[in-house]
Undergrad: 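Dropping a structure here in structure tokens format, bear with me for questions.
Numbers here are sequence positions counted from 1. Indexing begins at 1, ligand by ligand and atom by atom, following the structure's order.
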Amino acid sequence: MIESIERVDVLVAGGGYVGLSAALAIAASVPGARVALADPRPWREASGDLRAFAVAAAGRRMLSALGVWENLSVEAEPVREMIVTDSRLDDLIRPVFLTFERQQDGDALAHMLPNGPLVTALGAAAETAGVRFLTPDSVLATEQTQGGRRVTLASGKTLVASLVIAADGARSRLRSEAGIGINSWSYGQSGIVTTIEHDRPHEGRAEEHFLPAGPFAVLPLKGGCRSSLVWSERTEIADRLVAGTPFLFDAELLRRIGHHLGEVRAVGRRQAFPLGLTLARRFTADRLALIGDAAHAIHPIAGQGLNLGFKDAAALAEVVAIALRAGRDPGTTDVLDDYQRWRGFDTLRMAAMTDGLNRLFSNDLVPLRLIRDFGLGLVDRLPSIKRVFADAAAGAPGPSPRLVDGEPI
Ligand SMILES: Cc1cc2nc3c(=O)[nH]c(=O)nc-3n(C[C@H](O)[C@H](O)[C@H](O)COP(=O)(O)OP(=O)(O)OC[C@H]3O[C@@H](n4cnc5c(N)ncnc54)[C@H](O)[C@@H]3O)c2cc1C
């Protein structure tokens with residue numbers, strides 16, 4: 001008996017921000033493309049993730065080109081200014097070593113977006129573009145078969161895809177199943193995330209305080225007197241702070257944040273995310289491409305993990321769309337090699353930068369402190385060097401995928 005098995009052009013494993021973006025970008029750029037996406041959680045269900053993301057200009061342009069920015073912009077708070085300090089926990093004064101203001105073109109440095117609206121906007125747009133959602137379900141295994149990769153889902157369903165996109169996060173099952181090695185280490189830190197309220201308005205200012213235990217970031221949210229906190233601490237201390245009383249949490253918060261925002265209190269739940277670096281040695285295998293955290297999970301010190309993932313989604317969607325429009329197979333080695341070449345260097349550069357910054361700043365060694373503060377002060381006084389940093393954070397260097405330039409594929 002001949003088995004009848006469904007075929008798709010592209011199967012995306014993982015409906016996080018990056019998997020949703022890739023599925024949407026391909027489906028929207030190639031009418032008639034058969035794109036399916038599997039995730040244990042349907043996009044309509046709230047994930048309970050308390051994070052808010054600093055979306056750089058490149059990511060915003062991509063969301064705009066995909067038609068989702070218009071709805072999202074009402075939820076987005078522009079980051080107009082950023083200050084950086086380097087001090088000990090109980091220092092009474094926190095001298096500002098570095099400031100960034102909005103870009104020369106008047107663009108904000110980034111926009112802060114809460115998790116919920118971002119997933120909802122991407123999910124709804126992907127559904128409208130014709131992405132077939134296989135949710136709730138997850139990819140159990142994939143194997144090479146003639147002209148495609150056979151995908152087995154937890155529900156027992158199987159299908160064959162010309163290309164499988166692994167967007168299944170830092171602990172990617174598909175990556176290990178394909179035998180792709182990783183370079184990976186833990187920072188021994190966790191990032192505590194919660195929302196805070198303060199009496200004085202933030203006025204669009206983001207703050208990053210380099211403290212000996214790790215970076216402590218206060219990021220402005222919509223509404224003027226609310227901010228998102230990403231507070232790095234040694235993991236055991238972070239776990240205690242998250243499990244402790246609100247009183248203890250707020251007291252420790254105040255020691256770090258100071259008094260310039262007036263009364264400050266954490267509202268709602270708190271979460272701790274263990275921090276590490278995971279870099280896949282290759283981003284592709286037979287009919288398989290890794291994107292987002294499945295390819296690279298980096299320290300949130302510069303708020304760049306998701307922004308890198310957006311660029312992966314845009315680059316992969318572009319090479320896949322070109323192949324599909326020409327009637328070619330999107331899972332062949334030449335298509336995947338183009339993707340690997342495009343994203344390899346940018347990712348390595350950002351992974352090295354965030355790793356280096358975290359090692360340089362997350363300590364209290366006096367000689368190192370003197371050198372880094374001298375360096376920060378120097379950067380602050382040299383506009384051209386500062387511009388290089390601001391451009392890197394905005395996602396400017398290197399040839400960009402069309403979506404990242406705000407153009408359709
Ligand atoms: C504290 C913190 C703050 C951060 N702040 C920022 C920031 O400000 N700016 C920024 O750019 N980045 C930031 N990041 C990084 C950012 O969170 C990640 O880079 C981003 O979430 C990666 O998205 P993703 O879609 O690749 O993976 P994920 O969000 O991990 O999504 C993976 C998806 O795959 C699904 N999945 C897993 N296994 C399977 C399977 N077998 N089959 C099908 N589906 C599966 C999961 O259910 C999930 O939906 C931060 C990270 C942390 C920890």
Undergrad: Would you list the pairs meeting salt bridge (charged side-chain N to carboxylate O under 4.0 Å, His left out) in which at least one residue belongs to residues 36-47, sequence neighbours left out?
TA: Arg44-Glu127
Undergrad: With distance as the sole test, does Arg402 use its side chain to make a donor-acceptor pair with the main-chain N or O of Pro408 at under 3.5 Å?
TA: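 Yes: the side chain of Arg402 pairs with the backbone of Pro408.
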Undergrad: Report the part of Phe273 in contact with ligand 1, treating N, CA, C, O as backbone and CB onward as side chain, heavy atoms under 4.0 Å; options are side chain, backbone, both, neither.
TA: side chain
Undergrad: Ion pair present between Glu252 and Arg256, side-chain N to carboxylate O less than 4.0 angstrom?
TA: yes
Undergrad: In terms of atom number and element, which parts of ligand 1 are under 4.0 angstrom from non-hydrogen atoms of Gly169?
TA: 27 (O), 30 (O), 32 (C)
Undergrad: Got a donor-acceptor contact below 3.5 angstrom from the Asp405 side chain to the Glu407 backbone?
TA: no
Undergrad: Just how far is it from atom CD of Gln304 to atom OG1 of Thr347, taken to the nearest 0.5 Å?
TA: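 The CD atom of Gln304 sits 11.5 Å away from the OG1 atom of Thr347.
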Undergrad: Can you report which non-hydrogen protein atom sits closest to atom 9 (N) of ligand 1, along with the distance?
TA: Gly303 O, 3.1 Å
Undergrad: Would you check whether Ala38 reaches within less than 4.0 Å of ligand 1, judged by its heavy atoms?
TA: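 Heavy atoms of Ala38 do come under 4.0 Å of ligand 1.
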Undergrad: Quick one: does Arg41 get an N or O within less than 3.5 Å of an N or O on ligand 1?
TA: no
Undergrad: List the closest protein heavy-atom neighbour of atom 38 (N) of ligand 1: residue, atom name, distance to the nearest 0.1 Å.
TA: Asp168 CB, 3.6 Å
Undergrad: How close does the nearest protein non-hydrogen atom get to atom 19 (O) of ligand 1, and which residue and atom is it?
TA: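 The closest heavy atom on the protein side is Asp293 OD1, 2.7 Å.
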Undergrad: Any salt bridge between Arg226 and Glu197, counting N to O under 4.0 Å?
TA: no
Undergrad: Classify the side-chain pair Glu207/His260 by whether it contains a donor and acceptor separated by less than 3.5 Å.
TA: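 Indeed, the side chains of Glu207 and His260 share at least one donor-acceptor pair under 3.5 Å.
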Undergrad: Out of Ala297, Pro300, Ser228, Pro40, whose heavy atom is nearest to atom 45 (C) of ligand 1?
TA: Pro40
Undergrad: How would you list all residue pairs meeting ring-ring contact (aromatic ring centres under 6.0 Å, His included) that involve residues 267-312, not counting sequence neighbours?
TA: Tyr187-His299
Undergrad: Keeping Ser186 on the side-chain end and Gly276 on the backbone end, is there a donor-acceptor pair under 3.5 Å?
TA: no
Undergrad: Quick check on contacts: which atoms of ligand 1 are under 4.0 angstrom from a heavy atom of Gly292?
TA: 26 (O)
Undergrad: For atom 31 (O) of ligand 1, which protein heavy atom lies nearest, and how many Å away is it?
TA: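 Ranking protein heavy atoms by distance from atom 31 (O) of ligand 1, first comes Gly16 CA, 3.7 Å.
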Undergrad: Using a plain distance cutoff, I'd like to know if Ala54 has any nitrogen or oxygen under 3.5 Å from a nitrogen or oxygen of ligand 1.
TA: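 Such a contact does occur with ligand 1.
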Undergrad: Decide whether an N or O pair under 3.5 Å exists between Val18 and ligand 1.
TA: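 Yes, at least one N or O pair falls under 3.5 Å.
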Undergrad: Which residue and non-hydrogen atom of the protein lie closest to atom 6 (C) of ligand 1, and at what distance in Å?
TA: Phe53 CD2, 3.5 Å
Undergrad: Relative to the heavy atoms of Tyr17, which atoms of ligand 1 are at a distance of less than 4.0 Å?
TA: 21 (O), 23 (O), 25 (O), 29 (O)
Undergrad: Which residue supplies the protein heavy atom nearest to atom 1 (C) of ligand 1, what is that atom called, and how far is it?
TA: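 Result for atom 1 (C) of ligand 1: Val193 CG2, 3.6 Å.
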Undergrad: Just by modelled atom types, is the Ala266 backbone N or O under 3.5 Å from a matching donor or acceptor in the Asp250 side chain?
TA: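 Pair found, side chain donor or acceptor close to backbone of Ala266.
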Undergrad: Of all the non-hydrogen atoms in the protein, which one sits nearest to atom 2 (C) of ligand 1, and at what distance?
TA: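 Checked against all protein heavy atoms, atom 2 (C) of ligand 1 sits closest to Arg51 CD, 3.6 Å.
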Undergrad: For atom 48 (C) of ligand 1, what's the nearest protein heavy atom and its distance?
TA: Asp39 OD2, 3.4 Å
Undergrad: Please state which part of Ala167 comes within less than 4.0 Å of ligand 1, counting heavy atoms only: side chain, backbone, both or neither.
TA: backbone
Undergrad: What do we get for Gln304 next to ligand 1 when only non-hydrogen atoms under 4.0 Å count, side chain, backbone, both or neither?
TA: backbone
Undergrad: Is Asp329 paired with Arg287 through a side-chain N to carboxylate O contact shorter than 4.0 Å?
TA: yes
Undergrad: Side chain of Arg149, backbone of Asp286: donor and acceptor closer than 3.5 Å?
TA: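 The answer is yes, because a donor-acceptor pair under 3.5 Å joins these two groups.
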Undergrad: Using a 4.0 Å cut-off to any heavy atom of Gly305, which atoms of ligand 1 qualify?
TA: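 Selected atoms, number and element: 10 (C), 11 (O), 12 (N), 15 (C), 19 (O).
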